[in-house]
Amino acid sequence: MPTITSLGVGSGLDLTGLLGQLEKAERQKLTVITDQKSVISSKISAFGNLQSALSSLQGTVETLAKASTYQGQTSSISGSNVAVAVTADAVPGSYEVQVSQLAKAHSLASSGVADKTAAAATGTLTIQSGDETLEIELSEGSNSLEDIRDAINAGDGGVTASLVNDGSGTPWRLVLTAKATGTEAEIAVGGSAAAALGFTTTAEAKDAQLTVNGIAITSQGNTVEGALQG
C-alpha cells in the first residue's frame, strides 16, 4: 500500500501552507485575549491602590477630628512627693500641688499577755471599719490571741490582724489595722470580749490633706482622682 508523506500530494493543493495560515490566525486570537487580560489586571491593581490610599486618608481625617490631637502636651503640674497621671480630657493649665499630710490607716493593739496560746477572752468580739462589720464568737479552746488573729483574718472584714512581740514581760499583743486609709475606715471594737482584750490606738486614722493652686483638698486615700479635669 502506498504511503502519503506530505500534505497535498496527489491533490494539487498546498495543504501545508493552509495549515500554517490557520495556526497563525489562531495565535493572533490568543494574543488579543492575553492583551485584554493584562489590561484588566492593571485596572484591578490600580483600584486596589486607590482603595488603600482612601483608607489611609480616612484614618488621618479621623485623627484630625479628635480634640485630643490638639491638647496633647499643654498641662504642667509641680510639687514635691507628687506623681501625676493624665488622660486625654486634661485641659491646658499650670498647677502647683502642696501635700501637708498623707492618708494613714487606723491601728489598735490589745493589752499584752505572756502566752499567745493561752485563753485571752470569751464572749463576742465585734470589729467595724468603714462599711465592714465582723463579729466573732470566742469560746473556751478557741480564744487565745492566735485563735482570735486567725478568726479575724479568715472573716475577711475591713481589718487585718497580727501578733506583735514588744519584748516586755507580757510581750504578745494583738494588732488590728484597717485595710483602708482615712478617717472613714477608723476601727471600732465592741462586744463583751472587747474590754478583756483592752484595745488602745497605736496609729490614728488620717485623711490626705493637700492644696492645688491654693485650694484645700481632703482625700481618704493618697490617690486623688477628679480634683482636676483629666
Side-chain angles (χ1 to χ4, degrees), residues 77-85 96-212 215-228:
I77 299 178
S78 63
S80 59
N81 301 320
V82 176
V84 178
E96 181 179 357
V97 181
Q98 296 292 335
V99 180
S100 58
Q101 178 174 280
L102 292 175
K104 294 184 178 181
H106 192 206
S107 185
L108 303 176
S110 70
S111 55
V113 299
D115 185 357
K116 63 182 179 180
T117 64
T122 57
T124 301
L125 181 65
T126 302
I127 304 171
Q128 182 173 358
S129 177
D131 296 331
E132 300 286 342
T133 300
L134 181 64
E135 188 172 291
I136 300 171
E137 290 294 333
L138 305 179
S139 57
E140 293 294 336
S142 59
N143 59 345
S144 68
L145 288 191
E146 285 189 342
D147 295 328
I148 299 171
R149 174 201 60 192
D150 294 343
I152 292 172
N153 291 333
D156 195 25
V159 302
T160 58
S162 60
L163 296 183
V164 174
N165 187 327
D166 64 13
S168 66
T170 53
W172 293 104
R173 306 177 71 184
L174 177 66
V175 177
L176 306 180
T177 304
K179 292 181 180 179
T181 58
T183 55
E184 291 182 2
E186 193 171 70
I187 302 170
V189 180
S192 57
L197 293 170
F199 285 102
T200 56
T201 295
T202 55
E204 293 185 1
K206 292 184 179 181
D207 299 332
Q209 296 181 1
L210 62 150
T211 61
V212 178
I215 300 174
I217 297 175
T218 299
S219 172
Q220 291 295 308
N222 291 317
T223 299
V224 182
E225 298 181 0
L228 296 172

key: Under the side chain to side chain contact (heavy atoms under 4.5 Å, CB included) test, residues paired with Ala180 that sit two or more places apart   = Ala185
task = Tell me, please, which residues at least two apart from Asp150 pass side chain to side chain donor-acceptor pair (under 3.5 Å).
result = none
key: Shortest non-hydrogen contact between Ser192 and Thr122, atoms and distance   = OG-O, 4.1 Å
inquiry  = Tell me whether Asn143 contacts the main-chain N or O of Ala119 through its side chain, where contact means a donor paired with an acceptor under 3.5 Å.
reply    = no
message = Please give me the minimum heavy-atom distance between Ile217 and Ala227, naming the atom from each residue.
response = CD1-CB, 3.7 Å
inquiry  = Among residues at least two apart in sequence or on other chains, which ones pass side chain to side chain donor-acceptor pair (under 3.5 Å) with Gln98?
reply    = Glu96
key: Worked check of side-chain contact (heavy atoms from CB on, under 4.5 Å) between Leu163 and Leu174   = CA-CA 5 Å; Leu163 296 183; Leu174 177 66; 3.8 Å; yes
request  = Not counting sequence neighbours, which residues clear side chain to side chain donor-acceptor pair (under 3.5 Å) with Thr211? List them please.
outcome  = none
Pairs touching residues 198-210 that satisfy side-chain hydrogen bond (donor to acceptor under 3.5 Å, both in side chains), sequence neighbours left out = His106-Thr201, Ser107-Thr202, Thr183-Asp207, Asp207-Gln220
key: Pairwise distance OG(Ser129) to CG(Leu134) - rounded to 0.5 angstrom   = 11.0 Å
ask   = If every non-hydrogen atom of Ile187 is compared with every non-hydrogen atom of Thr177, which pair is closest and at what distance?
value = CD1-C, 3.9 Å
remark   = Of all heavy-atom pairs linking Asn165 and Pro171, the shortest is OD1-CB, 2.9 Å
request  = Give every residue pair that meets the salt bridge (Lys or Arg N to Asp or Glu O under 4.0 Å) criterion with at least one member in residues 162-186, sequence neighbours excluded.
outcome  = Asp156-Lys179
remark   = Interatomic distance, CD1@Ile136 vs CD1@Ile152, rounded to 0.5 Å, equals 4.5 Å
inquiry  = For residues 126-148, which residue pairs pass the salt bridge (Lys or Arg N to Asp or Glu O under 4.0 Å) check, not counting sequence neighbours?
reply    = Lys116-Glu146
request  = Can you see which heavy atom on Ala205 is nearest to which on Gly182, and at what distance?
outcome  = CB-O, 3.5 Å
query = Which residues pass the side chain to side chain contact (heavy atoms under 4.5 Å, CB included) test with Ala208, sequence neighbours left out?
reply = Ala103, Ser219, Asn222
request  = Using the test side chain to side chain contact (heavy atoms under 4.5 Å, CB included), find all partners of Thr223 that sit at least two apart in sequence or belong to another chain.
outcome  = Glu225
task = Could you tell me which residues satisfy side chain to side chain donor-acceptor pair (under 3.5 Å) with Ser142, sequence neighbours excluded, listed by chain and number?
result = Ser139
task = Identify the two heavy atoms, one from Leu197 and one from Ile148, that lie closest to each other, and give their separation to 0.1 Å.
result = CD2-CD1, 4.1 Å
inquiry  = Taking side chain to side chain contact (heavy atoms under 4.5 Å, CB included) as the definition, give me every residue that meets it alongside Val97, ordered by chain and number, with sequence neighbours left out.
reply    = Ile77, Val82, Val99, Leu210, Val212
